[in-house]
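Beneath this line is the structure, given in structure tokens, with notes to follow.
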Amino acid sequence: MTMKILVVGGGGREHAIASVLSRNSDVELYSVMSKKNPGIWSVSKRVLVENETNVKRIADFATSVGVQCAIIGPEAPLQAGIADELEARQIACVGPTRAAARLETDKGFCRDMMDRHGVAGCPKFRVFEDQNDAVSFISDYDGDLAIKPVGLTGGKGVRIMGEHVDRNGAIEYAKQLEGRVVVEERLVGEEFTLQAFVDGAHLIPMPLVQDHKRAFEGDQGPNTGGMGSYSMPDHSLPFVTRGDREKALRIMKDVVAVMAKTGQPYRGILYGQFMNTKNGPMVIEFNARFGDPEAMNVLSLLESDMAEIMIRITEGSLSSGSVKFSREATVCKYLVPEGYPDTPRPGRPLTFGDYGNALLFYGNVELNNSVLLTMSSRTLAFVGRAETLSEAESIAESAASSVGGDVSHRRDIGTEELLRKRIEHMKEIR
Ligand code: AMP
Ligand code: GLY
């Protein structure tokens, strides 16, 4: 029987979602995006080009084509209440309600919830309503802090003392911010991502992934949405112990239990970003969706049927038997326009060489008279999948190098050398 599924969003993450769904020949895909993504386009029966936060237009489209179930890629439509609107129209949604999405969209809510319910892994924090109070706290505090606006900033709104700014820079930054500000202790360690399928009560984890936020090789330059990521065949990471992983999983399960207990059950993808510190994993943040690029790593490994997982999420019948990932390594490398993220050059043509058996996911690109052009955000990604990390890296690297045009990528992502540095760093910290 045909199942009509809606995918909302138009980046690399959503191309990965659409492409894994399209493996099931009983699935008919519909999609909504603000700019035509050629990859999603090619597997969709119909596409609505629309602002992804125009919840009413999206729900009208979903109703008119008879969609049964939707999956929401980015956070902005969740904040705009897309799950609430679709569910009001009897369309099941993989993605939390506006209230439950506050785990991501309101960092103050997230920290207060963890604190009030005694969820482990919460750094020391303060939420300030008034910038002046934040400024005097930062001036008087003995030690490094992270300064964050409470709302969505596309991963680019955080300033870390000792990393991006000194104390004066942190104070100047806090003064500029509008609205509530979260100030929390600076965590030191190695970051990792744990994503999970959640049906309101049950949580099924996916393989761990490490993303690379900094724009340039050697973790230099400004923060970005993520330049690329890798995962290992054992679904863990070499600087994460079994105990660390269990703790991180327990934290995520506790959050899901608190959300259910407080009347805002969480359904969708839960993304936990952790800093592995000398005291074990601490929560940097939660996201209410797949990570971009991390979705491309895990979905390239998914062996189970994604449409069935979506149904189980919406019906509350997830079980570990329903989710299987292949035991291979993955490396994902994003190509970005020259100058990204501060002064990206859009509108530049791209040419493809032979990208071998890498998987290609389109991001922020435009197809103009059959010419692929860069836009201002991450352009496209290649994923290498293989038995070992080094094979996966060389597949992704040669694919990324085969693209011609004004784009660049981080050659160091997924290399043995970078991995060794991560392991050494973690050893020093412990
Ligand atoms: P976020 O927007 O919360 O994902 O933060 C972006 C990046 O800032 C994270 O990937 C971390 O590298 C860094 N970050 C956020 N909070 C902290 C913290 N409390 N201590 C150290 N680094 C942090
Ligand atoms: N890669 C980080 C994120 O999707 O938020």
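What you see below is based on every heavy atom in this structure, not just the backbone, and it leaves out hydrogens, waters and symmetry mates.
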Is the shortest heavy-atom distance from the side chain of E87 to the side chain of T97 under 4.5 Å? yes

Between Y355, Y362, F361, which is the residue that forms a ring pair (Phe, Tyr, Trp, His ring centres under 6.0 Å) with F382? Y355

Less than 4.5 Å apart, any side-chain heavy atom of P238 and any of L419? yes

Under a 3.5 Å threshold, yes or no: a donor from one side chain and an acceptor from the other, between T374 and T379? no

Step by step, work out the side-chain contact (heavy atoms from CB on, under 4.5 Å) result for V258 and V119. CA-CA 9 Å; V258 169; V119 177; 4.2 Å; yes

Mark yes or no for whether H202, through its side chain, and S319, through its backbone, hold a donor-acceptor pair below 3.5 Å. no

Would you confirm whether R378, through its side chain, and G225, through its main-chain N or O, come within 3.5 Å as a donor-acceptor pair? yes

Say whether S236 and D234, considering side chains only, have a donor N or O and an acceptor N or O under 3.5 Å apart. no

Does the side chain of E294 come under 3.5 Å of the side chain of S229 through a donor N or O and an acceptor N or O? no

Is a donor from one side chain sitting under 3.5 angstrom from an acceptor on the other, for Q79 and R98? no

Taking the side chain as every heavy atom from C-beta outward, state whether M282 and F274 have any atom pair closer than 4.5 Å. no

Is the CD atom of E163 crowded by more than 12 outside heavy atoms at less than 6.0 Å? yes

Step by step, work out the side chain to side chain donor-acceptor pair (under 3.5 Å) result for Q220 and R214. CA-CA 6 Å; Q220 302 297 308; R214 297 300 198 96; 5.9 Å; no

G218 backbone acceptor or donor facing D412 side chain under 3.5 Å: yes

Contact between I395 and V331 at the side-chain level, heavy atoms closer than 4.5 Å - yes or no? no

Taking D106 for the side chain and V150 for the main chain, is one N or O donor matched with an acceptor at less than 3.5 Å? no

Applying side-chain contact (heavy atoms from CB on, under 4.5 Å) to V209 and V298, what does each step give before you reach the verdict? CA-CA 8 Å; V209 182; V298 295; 3.9 Å; yes

Donor-acceptor contact below 3.5 Å, side chain Q195 vs main chain G272: no

Would you say the ring centers of F137 and F128 fall short of 6.0 Å from each other? yes

With R102 as the cation and F109 as the aromatic partner, state whether NZ or CZ is under 6.0 Å from the six-membered ring centre and within 45° of the axis. yes

Where do D219 and R410 land on the salt bridge (Lys or Arg N to Asp or Glu O under 4.0 Å) test, with the steps shown first? CA-CA 9 Å; D219 295 323; R410 276 186 60 168; 3.0 Å; yes

Just by modelled atom types, is the T241 backbone N or O under 3.5 Å from a matching donor or acceptor in the D244 side chain? yes

Under a 4.5 Å cut-off applied to non-hydrogen side-chain atoms, are Y334 and H409 in contact? no

Could you check if a side-chain atom of K148 sits within less than 4.5 angstrom of a side-chain atom of E184, using non-hydrogen atoms only? yes

With no hydrogens and no angle check, do the side chains of S377 and N364 hold a donor and an acceptor under 3.5 Å apart? no

Check step by step if salt bridge (Lys or Arg N to Asp or Glu O under 4.0 Å) holds for D60 and K56. CA-CA 6 Å; D60 287 346; K56 186 168 176 310; 3.0 Å; yes

Report yes if some heavy atom in the side chain of E191 is under 4.5 Å from a heavy atom in the side chain of D211; otherwise report no. no

Donor-acceptor side-chain pairing of E393 and S390 below 3.5 angstrom: no

Residues, nucleotides or ligands: over 12 heavy atoms within 6.0 Å of R422 CZ: yes

Between S304 and K324 (side chain of the first, backbone of the second, donor and acceptor by atom type, cut-off under 3.5 Å), is there such a pair? yes

Quick check: does any side chain N or O of N287 sit under 3.5 Å from a backbone N or O of R289, one acting as donor and the other as acceptor? no

Begin with the C-alpha distance, continue with both residues' side-chain angles, and end with the deciding distance and a verdict on side chain to side chain donor-acceptor pair (under 3.5 Å) for T388 and E391. CA-CA 5 Å; T388 65; E391 286 170 89; 2.8 Å; yes

Quick one, I72 and V94 - any side-chain contact, counting heavy atoms below 4.5 Å? no

What residue pairs, at least two apart or across chains, pass side-chain hydrogen bond (donor to acceptor under 3.5 Å, both in side chains) with a residue in residues 169-179? E172-K175

Could you walk me through whether T330 and S300 pass the side chain to side chain donor-acceptor pair (under 3.5 Å) check? CA-CA 8 Å; T330 61; S300 301; over 6 Å; no

Does one side chain, of E417 or T415, offer a donor that lies under 3.5 Å from an acceptor on the other? no

